[in-house]
2 protein chains.
Amino acid sequence: MHRSFLVLYELSKRMKHRSGRLLISSSELGECLGVSQQTASRYLSDLELGGFIERSRGGRGQFISLTRKGLDVLDGVYLNLKTFFDEIGTPILIKGRVVQGFGEGAYYVKEYSKSLREGLGFEPFFGTLNIKPLRPFPFLEKYVVGEVKGFSKGGRSFGSLKYVSAILSSSGWTEDCFIIIPKRTHHLSELEVVCEHGLREKHGIKDGDLLQVELKV
Amino acid sequence: MHRSFLVLYELSKRMKHRSGRLLISSSELGECLGVSQQTASRYLSDLELGGFIERSRGGRGQFISLTRKGLDVLDGVYLNLKTFFDEIGTPILIKGRVVQGFGEGAYYVKEYSKSLREGLGFEPFFGTLNIKPLRPFPFLEKYVVGEVKGFSKGGRSFGSLKYVSAILSSSGWTEDCFIIIPKRTHHLSELEVVCEHGLREKHGIKDGDLLQVELKV
DNA sequence: ATTACTAACTTTCGAGTAT
DNA sequence: TATACTCGAAAGTTAGTAA
């Protein structure tokens, strides 16, 4: 979240919908934001350079539309504010597709096995399911229910893990699971799920399948 | 919308709910935001000074909760993003209470009467209903359906007006109406509604009554 | 009308440090 | 541990102006 959000947001306020297009001049935008025309012009040029917007010159200003990247910035903020303002108990759902992990999941679950068993209350399956969400998803740290302390082994250091409780589901089945969050990670782009069972085998899951994760809050 | 939003938002991300309280140190916050401890400390002090947060020192940091003012900043952003991301056709509802206008509504409607009649397609009632929304409401400019040009009369200048089409309702009745937006206004805090009929008389509306405005988008 | 460059100005930041 | 002050350095802003 950097400053560019404020400008993107100001643009989005003036668009009826995410797929819309906006005609605005740099001086108008400057007025909206309380900065000069020159500064507004630089803002737009920076946003374009960063891949957040696309623009084309029109006679009375410039036509602006948001790129996927720009929309995702706004969507991430929207989803976080939604969890913040929604009534307690409103389910938090994340939809995503199964992706190929780096193959390290099994290795790590094995290494952390003892600690995880104590924390989770069951023997975790030796492997993780990696899920790539379709949209940005809320910041998960606030839902953390436990932590596994880091350790060193064979000259290699294993950092602390936090985990969030969730329910994984697809058509016809539901499984309790945990989402693993390496302690020193700021921007998670995939969810790493551990479970008591091998879900790929048990439910015939393969890469690309669409799953739903519901956070237990 | 100024920069303080970014810090408020970062705090809200770490709170489970709007009524929650957060324990965080200035250096942790600095890390989240990518700034130094000193800067984060100043951010918090500025937010407190501005009335956006309340805080109290704890041993390992400070307890932070958001004030009504701070929540309204976030809520305003949330509502705008909601209209931006919701499917087209999702109704946009604003609930608010009738308040005493400055008594100028009748005067202005009279002055603008001719132009309004042309734009709205009916003879507007000589008076406006002022509504104070309960929560922040979305930026309305993007829903403008028409404009009434400004003019000068008797040495006094009347600025341009824009208007948005809406449906006003309460238990048992519904009325088509328009929300009037003075062209050079940036921060509307009340809605000024014009209608074909005198609603205070027709429906027995009095100050403090709760009404709902649905925007026609 | 616009957009956007450069140079001077202003604000914001953070290392050092006090509390 | 914390928070938060001062002040030199860095970053951001805008007036003037070109295109």
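Lettering follows sequence order; numbering is per chain, from 1.
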K.L.:
Taking CZ from R3(B) and P from dA11(D), how many angstroms apart are they, rounded to a whole number?
P.N.:
14 Å

K.L.:
Does the side chain of S41(B) get closer than 4.0 angstrom to OP1 or OP2 of dA4(D) through an N or O atom?
P.N.:
yes

K.L.:
Identify the 5'-most and 3'-most nucleotides of DNA chain C with at least one atom closer than 4.0 Å to a non-hydrogen atom of chain B.
P.N.:
dT12(C) to dG16(C)

K.L.:
Could you check Q62(A) against S36(B) and say which one's nearest nucleotide on DNA chain C is further toward the 5' end?
P.N.:
Q62(A)

K.L.:
Contact class for S25(A) vs. all strands (heavy atom < 4.0 Å): base, sugar-phosphate, or nothing?
P.N.:
sugar-phosphate

K.L.:
Calculate the interatomic distance between Q38(A) atom CD and dA18(D) atom C1'; express it in whole Å.
P.N.:
12 Å

K.L.:
In whole angstroms, how far is the C1' atom of dT13(D) from the CD atom of Q37(A)?
P.N.:
12 Å

K.L.:
In whole angstrom, give the distance that lies between atom CG of D46(A) and atom P of dA11(D).
P.N.:
14 Å

K.L.:
Could you tell me whether E141(A) and R14(B) have a side-chain N and a carboxylate O separated by less than 4.0 Å?
P.N.:
no

K.L.:
Between E28(A) and R60(A), is there a side-chain N and carboxylate O pair less than 4.0 Å apart?
P.N.:
no

K.L.:
How many whole angstroms separate atom CD of E48(B) from atom P of dT3(D)?
P.N.:
12 Å

K.L.:
Looking only at the aromatic ring of each residue, does the gap between the centers of Y78(B) and F84(A) stay below 6.0 angstrom?
P.N.:
no

K.L.:
Between R18(A) and E87(B) (salt bridge meaning N to carboxylate O under 4.0 Å), is one present in this structure?
P.N.:
yes

K.L.:
Is the phosphate of dT13(D), meaning OP1 or OP2, less than 4.0 Å from a side-chain N or O of R42(A)?
P.N.:
yes

